[in-house]
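A quick write-up on the structure given underneath.
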2 protein chains.
Amino acid sequence: MNIGHIAQQAGVSRSTVSYVLSGKRQIGAATRARVMAIIDQANYRPSATARALSNGSTRTLALAVPRLHHHLSIEIMQFVGAIAEAAAEDEFDTLLSPSGGGERQSALERLVMERRVDGIILMETLISDPRVEMLMAQGFPFITIGRAGHDTEHDWVDTNYEGLVREAVERLAAQGHRHIALVNRPQEMLDKGYCLSVNAKAGFEAACADLGLHGVMACCDEDDGAGEQSLRQILDLDPKVTGVVSVNDRSLAALMDALAADGRSVPDDMSVIAVAPPRVAARTSPPVTAADVPAAPMAAKAVQTLLARIGDVETEPVRELFSTPFVDRGSVGPAKRPAARNRRR
Amino acid sequence: MNIGHIAQQAGVSRSTVSYVLSGKRQIGAATRARVMAIIDQANYRPSATARALSNGSTRTLALAVPRLHHHLSIEIMQFVGAIAEAAAEDEFDTLLSPSGGGERQSALERLVMERRVDGIILMETLISDPRVEMLMAQGFPFITIGRAGHDTEHDWVDTNYEGLVREAVERLAAQGHRHIALVNRPQEMLDKGYCLSVNAKAGFEAACADLGLHGVMACCDEDDGAGEQSLRQILDLDPKVTGVVSVNDRSLAALMDALAADGRSVPDDMSVIAVAPPRVAARTSPPVTAADVPAAPMAAKAVQTLLARIGDVETEPVRELFSTPFVDRGSVGPAKRPAARNRRR
DNA sequence: TTGAAAGCGCTACCAT
DNA sequence: ATGGTAGCGCTTTCAA
């Protein structure tokens, strides 16, 4: 069933059917009614492929997601869902391309060179990301979620990790904590230059310097259970730590458990504050004061910006930082004198 | 840059270039080398759209995911990741279509009628699912993940919830528990006829009947924190309950917390056994003995089966139930005499 | 107000 | 071993 059949049945030309469908031309009421009747009766829909070939537009976006051991983390998934929804609003479909972190670059490149999509959304970007270089070089429309380190001239939206971590540090400092720690993403990510890790670290160090605090950082794997190991690492680096900032939601629960197992109660012996989804931060014991990553608004903005970019390649790059307020869940309290802490270990 | 340019540069016809690319024809070594050189130098890739139009095949699958309040659950995302990877193995792309549970049926139908994809994978099916009816009626290639209630003639893979729940019940019974409960998915899902909820319920009731146990069921919302409410519900229905089977991973952690808050220790006062990902079941306090949903093998099988179906519409439907063993995490223990339990409430 | 026909870029059949 | 060309199903310009 194609446009030709419809045209034949209705006794009009194919172009007329096309114009009835697109509304780009005035069509006589009688003709239109006749054509529409046939279309409805046959439940005809024009082939997306043929239309794409003719228009030079696929009405499809690709979303480059990291290949986290064949499953996706909560934070990623929030973005995936939000982006698919936002794209659907504008009648765009979303192609999932597992191709982050240096792996499967070729898969992404294939999408570009084969013109399989109109634009690309990159997640989990690196400070120096080969995918970004490639897309820039190709002049292909794209936007990154999480690119804020470099000053390449492209669109991005990002969570303001630097600012959020700074605020977290300030909150700890306000309660008298002088020795604090950052639980960052895995070492591997920091080494590879994941923007998120790098920015969190930068924000932490800058804030500590500004406030005259003693700060240490631990990188923490995202296996469940890595929380204990990172706690140990922190206390080895600085036994006087009384406040922890975490940007590693995957290990947050394990961290809390490890604290409990170590006989440290929160917030009495240790204050904890994090950047993590409510689903995670509210579910630990005890719950953790945290700022959420505003996935939905970021996704909406990313899609909107990308579509604009697809329409007009020449306009100024859009860059936007997103923040959300910290939700107090009582995991931050005043610092005790270190000597007063009751260590049983 | 298209196939014509390449042909011109190489001084050959377009068909020759096409055959060099596809390898469907013997090409003289010299010609092939010349053509390949041009192709490499130009980094040329044939347009996916044009190829799709010509072949009548998009090499794209759609994955219909539920629209869980704009974000996706852990179990779902395991499938999403695994399916995208499996499809990529076979050089198929994966389109995400947020269209489950009765909502956005039209989005799915559009994909079909516009021939935007070659096949569809449905998740979270209903016992009587309009999407299935529609795809059957259209004769469109598809497979469902989770369809096992009805006997329509289509491909499916499913987690053996009925069997897993039965085994869970048997394990409780073996420890002497006579009053047990099932924590099912939300009431709404059961009412709508989600296969998973329905099968879990059926397995539970059948097993209880066979073993002469007294069983009650509570439907539990998937907000974090709904665990407490469902515990209350269970104890209202039958205060003598000493064993719980949960197929609701989202509320599992909250359930464990609620038990603790209620002064019931696991497994001494209450045994708990679940169907849930290790990430969840191993992270509760205490951890819960559970069977994982085998997402990766199910996804692989689903993709493989769907591709076969796309190739050959006539063969017998494939149906496969997947199970995984329960991993003992010590949350199941012998039943105490109800009277001996120490209730403080 | 409508129709005819030239593409869009590729594949594959029919020639040579 | 290679070339010419007719589609694939749609959009849109040019004509009437």
Side-chain angles (χ1 to χ4, degrees), chain A residues 1-39 42-60 91 93 110-118 310, chain B residues 1-39 42-60 91 93 110-118 310:
Chain A
M1 179 59 55
N2 62 32
I3 202 173
H5 298 144
I6 303 293
Q8 229 162 357
Q9 306 253 327
V12 297
S13 74
R14 302 184 313 172
S15 57
T16 297
V17 177
S18 177
Y19 284 119
V20 166
L21 249 11
S22 70
K24 291 186 181 172
R25 201 191 231 185
Q26 293 290 344
I27 300 285
T31 316
R32 131 168 290 120
R34 191 150 32 91
V35 171
M36 283 306 283
I38 308 282
I39 288 177
N43 196 17
Y44 165 77
R45 299 295 209 116
S47 150
T49 306
R51 191 197 288 256
L53 181 57
S54 186
N55 290 334
S57 157
T58 61
R59 295 197 79 79
T60 306
E91 311 240 66
D93 287 316
R110 207 203 71 219
L111 293 181
V112 173
M113 299 311 296
E114 293 183 346
R115 281 134 295 168
R116 215 174 194 314
V117 297
D118 293 343
I310 289 169
Chain B
M1 177 60 56
N2 62 30
I3 203 173
H5 298 142
I6 302 293
Q8 229 163 356
Q9 305 254 326
V12 298
S13 74
R14 300 185 312 168
S15 56
T16 298
V17 176
S18 176
Y19 284 119
V20 164
L21 250 11
S22 69
K24 292 187 180 173
R25 202 190 233 186
Q26 292 290 345
I27 300 285
T31 316
R32 135 168 286 122
R34 191 151 31 91
V35 172
M36 282 306 284
I38 308 281
I39 287 176
N43 195 16
Y44 165 76
R45 300 294 210 118
S47 151
T49 305
R51 192 199 286 258
L53 181 56
S54 187
N55 290 333
S57 158
T58 60
R59 295 197 77 78
T60 306
E91 312 240 65
D93 288 316
R110 207 203 70 220
L111 293 182
V112 173
M113 299 311 295
E114 292 184 347
R115 282 134 297 170
R116 216 168 194 310
V117 297
D118 294 343
I310 290 169

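Numbered from 1 within each chain, the chains take letters A, B, ... in sequence-line order.
On a pure distance criterion of 3.5 Å, a polar donor-acceptor pair joins the side chain of Ser15(B) and the base of dG4(D). Residue-to-nucleotide contacts include no donor-acceptor pair under 3.5 Å from the side chain of Tyr19(B) to the base of dC10(C). Evaluation of atom-type donor-acceptor distances gives a pair under 3.5 Å for the side chain of Arg25(A) against the base of dG3(C).
One finds no side-chain N or O of Lys24(A) lying less than 4.0 angstrom from the OP1 or OP2 phosphate oxygen of dT11(D). Look at Ser47(A) and you won't find any side-chain N or O under 4.0 angstrom from OP1 or OP2 of dC10(D). For the pair Thr16(B) and dG3(D), the criterion of a side-chain N or O lying under 4.0 Å from OP1 or OP2 is met. For dC10(D), one of the phosphate oxygens OP1 or OP2 lies less than 4.0 angstrom from a side-chain nitrogen or oxygen of Tyr44(A).
Contacts of Ser18(A) with the nucleic acid, taken as non-hydrogen atoms under 4.0 Å apart, include base atoms. Residue Gly56(B) is classed as having no contact, given no heavy-atom separation below 4.0 Å to the nucleic acid. Within the nucleic acid shown, Thr31(B) comes within 4.0 Å of sugar-phosphate atoms alone, with no base atom in reach, counting heavy atoms only.
Atoms CZ (Arg51(B)) and C1' (dC10(C)) sit 8 Å apart, rounded to a whole Å. When rounded to the nearest whole Å, the span between CD1 of Ile27(B) and C1' of dA12(C) equals 13 Å. Regarding Arg59(A), its CZ atom lies at a distance of 22 Å from the P atom of dC8(C), rounded to whole Å. Here the P atom of nucleotide dT11(D) and the CD1 atom of Ile6(A) are 13 Å apart, to the nearest Å. Between the CG atom of Asn55(A) and the P atom of dC8(C) there is a distance of 13 Å, given to the nearest Å. As a whole-Å value, the separation of Leu53(A) CG from dT11(C) P is 12 Å. Atom-to-atom, CG of Asn2(A) to P of dG7(D) comes out at 13 Å; the value is rounded to the nearest Å. Remark: P of dG3(C) and CZ of Arg34(A) are 8 Å apart, rounded to the nearest angstrom.
Position along DNA chain C of the nearest nucleotide to Ala29(A) versus Ser54(A) favours Ala29(A) as the more 5'-ward residue. Take the nearest nucleotide of DNA chain D for Gly11(B) and for Arg14(B): the residue whose nucleotide is more 5' is Gly11(B).
No hydrogens or angles considered: nothing links the side chains of Thr60(B) and Asp93(B) as a donor-acceptor pair under 3.5 Å.
Listed for the Arg115(A) side chain is a donor-acceptor partner under 3.5 Å among the backbone atoms of Met113(A). Between the side chain of Thr49(A) and the backbone N or O of Leu53(B), no donor-acceptor pair lies under 3.5 Å. Remark: the backbone N or O of Ala7(A) is not paired with any side-chain donor or acceptor of Arg14(A) at under 3.5 angstrom. Checked by atom type and distance alone, the side chain of Asn2(A) pairs as donor or acceptor with a backbone atom of Gly4(A) at under 3.5 Å.
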